[in-house]
Amino acid sequence: MPTSPALTDSTSGRSIVSVSPRVRFAPSPTGALHIGGARTAVYNWAFARATGGTFVLRIDDTDPERSTDENTAQIMRSLRWLGIEWDEGPEVGGDLGPYFQTQRGAHYARALDHMKASGSAYPCFCTPDELAAKRAAARQSDGPSGYDRTCRRLDPNEARARIDAGEPHVWRIAVPLDRPDIVVDDAVRGETAFPSSAMDDFVLARTDGTPTYNFATVVDDVGMRITHVIRGDDHLSNTPRQILVFEALDAPVPRFAHLSMIWGADGKKLSKRHGATSVEAFRDEGYLPEALLNYLALLGWSLDGETTIISRETLASQFSLERISKNPAIFDFDKLEWMNGAYIREMSADALAKRMIPWLAEAGLATEDDFAARPDWYQALVPLVAERAKRMTDIPAMLAFLFGETVAIEPTAADKALATDDARRSLQAALEALGTITKWEHDAIEQTLRDLAVTLEVKPKVVFQAVRVAVTGSTVSPPLFESLALLGKERTIRRIEAAL
RNA sequence: GGCCCGUUCGUCUAGCGGUUAGGACACCGCCCUCUCAAGGCGGAGAUCACGGGUUCGAAUCCCGUACGGGCUACCA
C-alpha cells in the first residue's frame, strides 16, 4: 500500500501537517488536447507554481481502443507550446512513476488486494445481460438505481470456489451500509454532501482485470501523493465514489476543485462547429501561446476583477483556487482575438520579426535565409504590422506587396483611387517627383508627396491613395511612407509606371 | 426516474449584508489621422433567472420554482 508523506488526523483524514501541494493533469490520450483540457492543465500548473508545489503529468491511457501514442505526443507538444512544463511525468521522469496508467498494473493489483483483505471489495459474477435486466427493472421503480448487491450476499466460500473454477467475475466496492453523507470539500463550490445510500457498489476491476476509471484514478492519486485534484466539473458526481475508494485504501482524501465547463456561443458543449477547439488548431490559426494562456486563465478565474492582460509570471505567482468562478463560461473568440492583438503589439521588434518569419515562409514570401541575410529590413517591417495584426496569420497578407517585383491592383481599389483625373495627374506627377529623391527615406518621401499635393492643388489624400493603390494594389495598407521606404525606390517607380 | 452542480450587461467577470452594481471584449459616437489599425475621450447596455422568507437593510443568507448542465457503464 502506498502511503502519504503527510501526517493525517485519524478521524478527519485531513492533513494536519502542511506539505507542499502536488497536483496532476491526467488527460486521456483519446484525442488532441482541446481547450477545456488545456484550461484544466493551466490551472493545475499555475496552482503548483503559485504554491511552490509540484505539477505532475499522468497519461490516463486505460482505454486501449481509443488511446494512441500520437495523441499522447500531441498533448505533450500542446502543453509545451503553451509553456506548461511538468515537474514529473512522461519524458521528465520522477520518483513516483510510471506515469502511464497502462504501466501501473501492479499498483492497481496491490490496491485491490488491500481492499479484498479488508473486505471492502467483493467479486461479482453477474453477467452483463443480468445487469442490464436489473437496471431496466430498477428504472421502473422510484428508488435509486444501481447494482442491487446480489453478489455481495454470496457466501464467501462459494465465491472463492467459483473464482477457483475460473468463472468470469469483476470486483466491486462494498460501499459501507451505515455511512453518513459523503462530503466533498471543494475549493470552488464549498462542501457538498452526497447521500451514501445513492452510491452503488460500482466496479473496481473488470473481468479482464483492468481497473476502471474511478479506481485507477484514486490508486494513482494516492500513489503519486496528490494533495489537490483540480479537474472538470463532469467529475464532481464521481467524487463521492472516489472518496469511498480513498477511505477503503486508508489514504488521505485530497482537496478538490471542480471547474465548470466551457461552452460554445450557443450555450452548447464546445465542439468543432464553433471553430477551433484543439490547442494546435489555435496555434495554426495564428494565436500566440502567451495570449491563449492568458485567455484560458481568465476563462473562469480572475486576478482582481479588473486586470485582463496577465503575464505568465503573474499567473504563476498569483493564481489561487479561491478566485475560480463557479459558472460555466462561454468561449469568446472575439475577446481572444483582441487579446492576441494586444500581445502582438507588446512584443519587441526583434521578437516579432523572428516569430513572423515562419508565417511569411509558409505564405511563400520570405525564407529563413533571407531573414538571416537582412534582419534589419525584417525588423523594420514590424511597426507596419504590429498595431494592425490580430493574429499571426494576418501578417503575410499585410506585407505581401513588399515581396516580389510587381503587384496586382484590386479592380475596386483602382476604381476608387485611380479613376479620376486628379488621381491620374497625381500619379503622373508623383512618378516624376519621386524620381528626383536622392535619399530614399520616410521623411523625404512624405515631404515630396505633400508638396506635390500643394502644387497640383489636390487634397493630400488623393495623392496618397493613388500612390498607395498603385504601389500596394489596395486602398488598405500599412502606413504609406514607411511602406515606400521599405519597398525601395526602383520598385516604387516601376509600380507607378505600371499603374499609369 | 434518482443524486448533485450552476444562473450578475450580448460575452468573460468584480461583488462575499449597506456600492450611483465596477472592469474587460464586442457595439455606438467624438478626437487623432495618408488608408486600415492602434490610441484617447464618451455612450448605450444588468429590475443581479423567478417566487417566497430572514433582516432596519439582500445580487450577497435560507427555502422553493423554472431553465441549463453533470453523474447514475466492466468510458474517461
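Keep in mind that this is a model prediction, so the values were computed, not measured. Quick note: numbers below take in every heavy atom, side chains included, and nothing from hydrogens, waters or symmetry partners. The sequence lines fix the lettering, A, B, ..., with proteins before strands; numbering per chain opens at 1.
Nucleic acid contact for G341(A): none, since no nucleic acid atom lies under 4.0 Å from a heavy atom of the residue. Across all strands shown, V170(A) has heavy atoms under 4.0 Å from base atoms, whether or not it also approaches the sugar-phosphate. T62(A) comes within 4.0 angstrom of the backbone, heavy atoms only, and of no base. Using a 4.0 Å heavy-atom distance criterion, R323(A) is classed as a sugar-phosphate-only contact.
Taking a cutoff of 4.0 Å between a charged side-chain nitrogen and a carboxylate oxygen, K116(A) and D113(A) qualify as a salt bridge.
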| message | Generate the contact string for nucleotides 63-71 of chain B. Rules: B means base contact, S means sugar-phosphate contact only, - means no protein heavy atom under 4.0 Å. | response | -----S-BS
| query | What one-letter contact string describes nucleotides 23-29 of chain B from 5' to 3', where B marks a base within less than 4.0 Å of any protein heavy atom, S marks contact via sugar-phosphate atoms alone, and - marks no contact? | reply | BBB----
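For R241(A), the side chain to side chain donor-acceptor pair (under 3.5 Å) criterion is met by N238(A), not counting sequence neighbours. In this structure F202(A) satisfies the ring-ring contact (aromatic ring centres under 6.0 Å, His included) test with no other residue, sequence neighbours excluded. Among residues two or more places apart in sequence or in another chain, the side chain to side chain donor-acceptor pair (under 3.5 Å) test is passed with D394(A) by none. Evaluation of the ring-ring contact (aromatic ring centres under 6.0 Å, His included) rule for F481(A) yields H442(A), F464(A) as partners, not counting sequence neighbours. Shown here are the ring-ring contact (aromatic ring centres under 6.0 Å, His included) partners of Y43(A), two or more places apart in sequence or in another chain: F319(A). Evaluation of the salt bridge (charged side-chain N to carboxylate O under 4.0 Å, His left out) rule for E130(A) yields no partner, not counting sequence neighbours. Evaluation of the side chain to side chain donor-acceptor pair (under 3.5 Å) rule for D451(A) yields Q447(A) as partners, not counting sequence neighbours. Under the side chain to side chain donor-acceptor pair (under 3.5 Å) criterion, D60(A) pairs with R58(A), Q101(A), sequence neighbours left out.
Among the nucleotides A76(B), C74(B), G15(B), the one closest to any side-chain atom of D63(A) is A76(B).
Within the 4.5 Å cutoff, no side-chain heavy atoms of F282(A) are placed close to those of L82(A). Counting heavy atoms from C-beta outward, K459(A) and D422(A) have side chains that stay 4.5 Å or more apart. Proximity of L236(A) to R189(A): side-chain heavy atoms (C-beta onward) are separated by under 4.5 Å at one or more points.
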Under 3.5 Å between N/O atoms: give me all the protein pairs with nucleotides 46-49 of chain B, atom names plus distance.
none

Quick test: give all pairs of protein nitrogen or oxygen and nucleotides 34-36 of chain B nitrogen or oxygen below 3.5 Å, distance rounded to 0.1 Å.
unit_1: C34(B); atom_1: OP1; unit_2: R450(A); atom_2: NH2; d: 2.6
unit_1: C34(B); atom_1: O2'; unit_2: R468(A); atom_2: NH2; d: 3.3
unit_1: C34(B); atom_1: O2; unit_2: R468(A); atom_2: NH2; d: 2.4
unit_1: C34(B); atom_1: N3; unit_2: L480(A); atom_2: N; d: 3.3
unit_1: U35(B); atom_1: O4'; unit_2: Q465(A); atom_2: OE1; d: 3.4
unit_1: U35(B); atom_1: O2'; unit_2: T475(A); atom_2: O; d: 3.1
unit_1: U35(B); atom_1: N1; unit_2: R468(A); atom_2: NH2; d: 3.4
unit_1: U35(B); atom_1: O2; unit_2: S477(A); atom_2: N; d: 2.8
unit_1: U35(B); atom_1: O2; unit_2: S477(A); atom_2: O; d: 3.0
unit_1: U35(B); atom_1: N3; unit_2: R468(A); atom_2: NH1; d: 3.3
unit_1: U35(B); atom_1: N3; unit_2: S477(A); atom_2: O; d: 2.6
unit_1: U35(B); atom_1: O4; unit_2: P479(A); atom_2: N; d: 3.2
unit_1: C36(B); atom_1: O2; unit_2: R388(A); atom_2: NH1; d: 3.0
unit_1: C36(B); atom_1: N3; unit_2: R388(A); atom_2: NH1; d: 2.4

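Between D304(A) atom CG and U13(B) atom C1' there is a gap of 11 Å when expressed in whole angstrom units. Atom CG in L270(A) sits about 14 Å away from atom C1' in C12(B), given to the nearest Å. In this structure, the CH2 atom of W301(A) is 11 Å from the P atom of A14(B), given to the nearest Å.
A tilted orientation is assigned to the rings of Y108(A) and F215(A), their planes being inclined by 30° to 60°. Using bins of under 30°, 30° to 60° and over 60° for the plane-to-plane angle, the ring pair F256(A)/H258(A) lands in the parallel bin.
For T212(A), no side-chain nitrogen or oxygen approaches OP1 or OP2 of C74(B) to under 4.0 Å.
For T192(A) against C4(B), a side-chain-to-base donor-acceptor contact under 3.5 Å is absent.
The residue among L131(A) and I324(A) whose nearest nucleotide of RNA chain B is located toward the 5' end is I324(A).
For the C1' atoms, the distance from C5(B) to A46(B) is 24 Å, rounded to whole Å.
Of the nucleotides present, none pairs with A44(B) by Watson-Crick or G-U wobble criteria with both distances under 3.5 Å. The pairing partner recorded for A66(B) is U7(B), the criterion being a Watson-Crick or G-U wobble arrangement whose two distances lie under 3.5 angstrom.
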